[in-house]
*Asks:* 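Structure incoming, see below.
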Amino acid sequence: MANASEKISLYNLADLKNTSDDAIPNYLNSIKFKQSHFLTDVRLGLGYTAFLIAAACFGWDYQFGFDNTKLYTAAAVAVYTLINGALSLWVMYVENGIIYSGTAPSGETITISSSHKKFDPVYRLTIKITPPKGEAQVFEIAEPFSSWFDETGMLVAVPFQEILATAVPIIGRQDPKRVKMASKEMLDSNPELLDAVLAANAGTAATSTAAEPVEKKGGKRRKA
């Protein structure tokens, strides 16, 4: 798996996707989202259990011989097959491409799935937002990898974060500086997000004004 700080080939779609996938948890956790590791923990638990069964089979066969342990080995093979089947079903139908699940500071749960099509350099995200009460919302993002990878193969975080913050209101509320003002319809339909964006822009403008040097009035006095 490629690291976000490393250069990768722009023709390797798997590396482009994996690097983009890794950047999403880093970004959301940095703006106070709380990530859930439940899906990963279950997958690891099933994988390690299967490994321990295989290791036990090897150990008792080495220690006591095949004839003395063949019944135990047969039972272990059956259990191993069931666990690996459960692991495959878990990855295919439960995780189903999910790269992030967690909770926003405002209480909504967020689940993000990613995918890409063969020979198509477009990154596709399905983002499901479930509030504590009410119906879930689903947001779709489809953007070319070139939108946040430069010509050398380095991931540029800011444009990637802008796409997420602009497309998903609960991310935009947490990071209003990354919301593009061009998304006027979304801002108009979400007063809380609009207020957060305006407050962030006002704070940025005030900081810029304070940083400007004050010009001295009047010219230099001529020497008599």
*Asks:* Could you give the distance from CD1 (Ile127) to CD (Glu140), rounded to the nearest 0.5 Å?
*Replies:*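 Going from CD1 on Ile127 over to CD on Glu140, the span is 8.5 Å.
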*Asks:* How many angstroms lie between CG in Leu89 and CG in Asn84, if you round to the nearest 0.5 Å?
*Replies:*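 Answer for the CG-CG pair, Leu89 versus Asn84, is 11.0 Å.
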*Asks:* Write down the atom of Ala167, the atom of Ile141, and the distance for their closest heavy-atom approach.
*Replies:* CB-CD1, 3.6 Å
*Asks:* Does Glu135 CD have over 12 foreign heavy atoms under 6.0 Å away?
*Replies:*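 12 or below, so no.
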*Asks:* Which residue pairs satisfy the side chain to side chain donor-acceptor pair (under 3.5 Å) criterion with at least one member in residues 45-69, sequence neighbours excluded?
*Replies:* Trp60-Thr73
*Asks:* Could you pull out the closest heavy-atom pair between Cys57 and Ala76, with the gap in Å?
*Replies:* SG-CB, 3.1 Å
*Asks:* Would you sort out whether Tyr123 and Asp21 count as a side-chain contact (heavy atoms from CB on, under 4.5 Å), showing the intermediate values?
*Replies:* CA-CA 10 Å; Tyr123 189 54; Asp21 288 350; 2.5 Å; yes
*Asks:* Any chance you could measure Leu28, atom CG, to Gln161, atom CD, to the nearest 0.5 Å?
*Replies:* 9.0 Å
*Asks:* Do Pro144 and Pro121 have side chains that approach each other closer than 4.5 Å (heavy atoms only, starting at C-beta)?
*Replies:*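 Pro144 does not reach Pro121 side chain to side chain.
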*Asks:* If Ile, Leu, Val, Met, Phe, Trp and Tyr residues are connected whenever their side-chain heavy atoms lie under 4.5 Å apart, and connections chain through other members, are Ile53 and Phe66 in the same group?
*Replies:*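 As far as the 4.5 Å side-chain criterion goes, Phe66 and Ile53 are not connected within one cluster.
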*Asks:* If you take all heavy atoms of Ala165 and Val179, which pair is closest and at what distance?
*Replies:* O-CG2, 3.6 Å
*Asks:* With hydrophobic residues grouped by side-chain heavy-atom distances under 4.5 Å, do Leu82 and Tyr72 end up in a single group?
*Replies:* no
*Asks:* Can you find a heavy atom in the side chain of Ile110 that is under 4.5 Å from one in the side chain of Tyr100?
*Replies:* yes
*Asks:* Verify the cluster assignment for Tyr80 and Phe58: are they in a single hydrophobic cluster under the rule of side-chain heavy atoms below 4.5 Å apart?
*Replies:*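 No, it is not one cluster - the side chains of Tyr80 and Phe58 are not joined through contacts under 4.5 Å.
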*Asks:* Does Asp175 use its side chain to pair, donor to acceptor, with the backbone of Ile171 at less than 3.5 Å?
*Replies:*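 No, because the side chain of Asp175 does not come within donor-acceptor range (under 3.5 Å) of the backbone of Ile171.
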*Asks:* Could you walk me through whether Phe145 and Ser20 pass side-chain contact (heavy atoms from CB on, under 4.5 Å), step by step?
*Replies:* CA-CA 9 Å; Phe145 289 107; Ser20 301; 3.9 Å; yes
*Asks:* Between CZ of Phe149 and CG of Asp15, what distance do you get to the nearest 0.5 Å?
*Replies:* 9.0 Å
*Asks:* Is the shortest side-chain heavy-atom distance between Leu125 and Phe139 below 4.5 Å?
*Replies:* no
*Asks:* State the NE2-CZ distance between His116 and Arg124, to the nearest 0.5 angstrom.
*Replies:* 10.5 Å
*Asks:* Using atom types as modelled and distance alone, determine if a side-chain donor or acceptor of Thr166 lies under 3.5 Å from a backbone N or O of Lys180.
*Replies:* yes
*Asks:* Can you classify the ring geometry of Phe160 versus Trp148 as parallel (below 30°), tilted (30 to 60°) or perpendicular (above 60°)?
*Replies:* tilted
*Asks:* How far apart are the closest heavy atoms of Pro132 and Gly107, and which atoms are they?
*Replies:* CG-O, 3.8 Å
*Asks:* How close do Asn26 and Asp22 get, heavy atom to heavy atom, and via which atoms?
*Replies:* ND2-O, 3.2 Å
*Asks:* Please report the interatomic distance CD(Gln35) to OG1(Thr40), rounded to the nearest 0.5 Å.
*Replies:* 7.5 Å
*Asks:* Ignoring hydrogens, what is the shortest heavy-atom contact between Ile99 and Ser114? Give both atom names and the distance.
*Replies:*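 Smallest interatomic distance, heavy atoms only, reads CG2-OG, 3.4 Å.
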*Asks:* Same cluster for Ile8 and Leu13 if Ile/Leu/Val/Met/Phe/Trp/Tyr side chains link at under 4.5 Å?
*Replies:*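 Looking at the clustering, Leu13 is in the same group as Ile8.
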*Asks:* Assigning hydrophobic clusters by single linkage (Ile, Leu, Val, Met, Phe, Trp, Tyr; side-chain heavy-atom cutoff under 4.5 Å), is Leu46 placed with Ile98?
*Replies:* yes
